[in-house]
There are 2 protein chains.
Amino acid sequence: MPYTSDYPIFAVTVDIVVLSLVGNELCALLVKRGGPPYEGRWALPGGFVGPTEGLLAAARRELLEETGVSTGTVALEQLRSYGEPGRDPRGRVVSVAHLAVLPEATTPTAGSDAAGAEWRPLAQLEETGLAFDHAEILADGVERARSKLEYTTLATAFVGAEFTLSELRRVYELMWGRELDPGNFQRKVKHTEDFVEPTGETRPSPVGRGRPAAVFRAQSPEIRILARPITRD
Amino acid sequence: MPYTSDYPIFAVTVDIVVLSLVGNELCALLVKRGGPPYEGRWALPGGFVGPTEGLLAAARRELLEETGVSTGTVALEQLRSYGEPGRDPRGRVVSVAHLAVLPEATTPTAGSDAAGAEWRPLAQLEETGLAFDHAEILADGVERARSKLEYTTLATAFVGAEFTLSELRRVYELMWGRELDPGNFQRKVKHTEDFVEPTGETRPSPVGRGRPAAVFRAQSPEIRILARPITRD
DNA sequence: GCAAAAGTGTTCCAGGTACACCCATGC
DNA sequence: GCATGGGTGTACCTGGAACACTTTTGC
């Protein structure tokens, strides 16, 4: 009985929807629960917020512990909070969910308290496969990411520091499940201010054939609002 | 010492950014704090979430207690959560902020624990006038509302059940601080599906002169996504 | 040369903007 | 009639969609 309070007691956790495109599939970073409740089930990485720790700081710490990712440069933002009574059998727990987007290269390092962390393709998740209300949180995170591709530079968070416009287009195509016209995409992105800038380098096509592609980098490491959106429709 | 826990203890509150257009000014519903901390300062309505109460339910209850508004029909949604350590001198408090929008007609009824609730014009608020971090929360709420006017039917929440298109246009103009072309606004709104529908009535101009305006109602009481946005620029 | 990916040019069209103009009312 | 706000018509322009076409590579 280490903690006492005059107010109704809540525990506060952070859960993180970590998304990446692995191979040609949208994947979430999930951990297999090593103990009850929901032992053996997949869950979002996350954990309790420390008594003197900020919410975003807690999310950064959990992300670091689960993935080993240097979190300074990572796209990480608050998603929303989930606090229905009964969502956690251990007691009244409010979870402040966050959304993170990582480039494909990132390999999860087995975490501290997690039995194992893995990229799991969203297409293969069963409806009831996730612990707690994490399926709902994950769905909300994916929708937020799909939506932010439209009006922010979030797509650059899915690719490495240097990328071709085909790689960037692939992000949109996989996330939206829809093909985009390569020519129009190229022009649109290049003419949108504060989005990408050319490095001057070129890179041969991964399939061998075809003209080498110009290499770009994000104009800014932070995610910014685009002057004109990349429309989804 | 009525409450104990095995996990770090947090208290969870809801705070509500309640916006309305009163006269020709954007106002927030604020309460004057009747006790410490921040005694005598203006604050957002809100309070502790009950042990078995959902977050949205808590926000609804607080809104009802402060304003007497029947909350079934009100535009109310979660905004985001604020949980920096030190934001509340009483201890570690995470606040799940909500955003509500009310029509001008709404009069606040003096609340239970609030010394007094009043519509306060945002333009006249001093930077440091609000308790806690409520100035930041309020600013985030206003920005969310301004943004949601673009791509949802939120504007209808600022006016009564029946309204003219001039009244609706006034919502955009006041919130965005910019005049819109009356003719183009009219056509745009009428041709946007699932936004407004005519009642068949007309209403004389409030200033006496001029052609009477057709009366409309929201196509749906819920706030919906617009097929094509009302652009802000 | 041929296939394929990168990148450019061009045409067409929907929708927004600006603004002229007509309509319906009070005085 | 005149002022005023409601509402429609219209000409112009911008930006996106579709797609033809050129460029640069590997084989």
Side-chain angles (χ1 to χ4, degrees), chain A residues 24 149-151 155 159 162-174 176-217 225-233, chain B residues 24 149-151 155 159-160 162-174 176 178-217 225-233:
Chain A
N24 277 319
L149 287 181
E150 288 193 84
Y151 62 95
V159 295
E162 302 202 327
F163 50 86
T164 66
L165 294 188
S166 289
E167 290 169 357
L168 198 65
R169 181 165 45 86
R170 174 176 157 270
V171 172
Y172 285 93
E173 291 180 335
L174 290 175
W176 290 348
R178 168 182 175 227
E179 302 214 322
L180 301 180
D181 182 284
N184 291 335
F185 182 81
Q186 183 121 191
R187 223 181 340 239
K188 186 74 197 288
V189 169
K190 280 197 270 203
H191 293 169
T192 300
E193 293 187 1
D194 301 328
F195 196 1
V196 301
E197 63 187 11
T199 64
E201 315 270 305
T202 64
R203 174 187 298 178
S205 167
V207 291
R209 275 194 288 282
R211 173 173 169 176
V215 175
F216 292 81
R217 70 171 74 88
I225 306 284
L226 294 174
R228 259 185 293 282
I230 312 289
T231 47
R232 191 175 182 176
D233 287 324
Chain B
N24 277 319
L149 286 182
E150 288 194 83
Y151 62 95
V159 294
E162 303 202 325
F163 51 86
T164 67
L165 295 187
S166 290
E167 291 169 356
L168 199 64
R169 180 164 47 85
R170 174 177 157 269
V171 173
Y172 286 93
E173 291 181 334
L174 290 175
W176 289 348
R178 170 185 173 224
E179 302 214 322
L180 301 179
D181 182 283
N184 292 334
F185 181 81
Q186 184 119 191
R187 225 181 339 239
K188 185 74 198 288
V189 168
K190 280 198 269 203
H191 293 169
T192 300
E193 293 188 0
D194 301 327
F195 196 1
V196 301
E197 63 186 12
T199 64
E201 316 271 302
T202 64
R203 174 188 300 179
S205 168
V207 291
R209 276 194 288 281
R211 174 174 168 177
V215 176
F216 292 80
R217 70 171 74 88
I225 306 284
L226 293 174
R228 258 185 293 281
I230 313 288
T231 46
R232 188 176 184 176
D233 286 324

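In the text below, chain A, chain B and the rest are named by the order of the sequence lines, each starting its count at 1.
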Using ring pair (Phe, Tyr, Trp, His ring centres under 6.0 Å) as the criterion, list what pairs up with A/Tyr172, not counting sequence neighbours. A/Trp176, A/Phe185
Under the salt bridge (charged side-chain N to carboxylate O under 4.0 Å, His left out) rule, collect the residues that match up with A/Glu150, sequence neighbours excluded. A/Arg232
Listed partners of B/Glu162 passing side chain to side chain donor-acceptor pair (under 3.5 Å), at least two apart: none
Reading 5' to 3' through nucleotides 11-23 of chain C, protein heavy-atom contacts under 4.0 Å coded B for base, S for sugar-phosphate only, - for none: ----SSBBB---B
Heavy-atom side-chain proximity of A/Val215 to A/Phe163 below 4.5 angstrom: no
Quick one: side chain to side chain contact (heavy atoms under 4.5 Å, CB included) partners of B/Asp181, sequence neighbours excluded? B/Asn184
With sequence neighbours left out, which residue pairs that include part of residues 199-215 of chain B fulfil the side-chain hydrogen bond (donor to acceptor under 3.5 Å, both in side chains) condition? B/Glu167-B/Arg203
Earlier contact from the 5' end, DNA chain C, for A/Gly210 and A/Lys190: A/Gly210
Taking all heavy atoms of B/Leu180 and all of B/Arg169, pick out the closest pair and write down the distance. O-CD, 4.0 Å
Residues from residues 191-209 of chain A lying under 4.0 Å of DNA chain D - heavy atoms: A/Gly208, A/Arg209
Heavy-atom side-chain contact between A/Lys188 and A/Ile230 under 4.5 Å: yes
Does a salt bridge link A/Glu173 with A/Arg178, judged by any charged N lying under 4.0 Å from a carboxylate O? no
Going 5' to 3' along DNA chain D, between which two nucleotides do contacts with chain B fall, using a heavy-atom cut-off of 4.0 Å? D/dA3 to D/dT10
Closest approach of A/Leu174 to A/Asn24 (non-hydrogen atoms, all atoms of both residues): CD2-O, 3.3 Å
Go through the structure and list residues passing side chain to side chain contact (heavy atoms under 4.5 Å, CB included) with B/Asp233, not counting sequence neighbours. B/Thr231
Min side-chain heavy-atom separation B/Leu226-B/Tyr151 under 4.5 Å: no
Give the residues of residues 166-174 of chain B touching DNA chain D, defined as any heavy atom closer than 4.0 Å, sorted by residue number. B/Ser166, B/Arg169
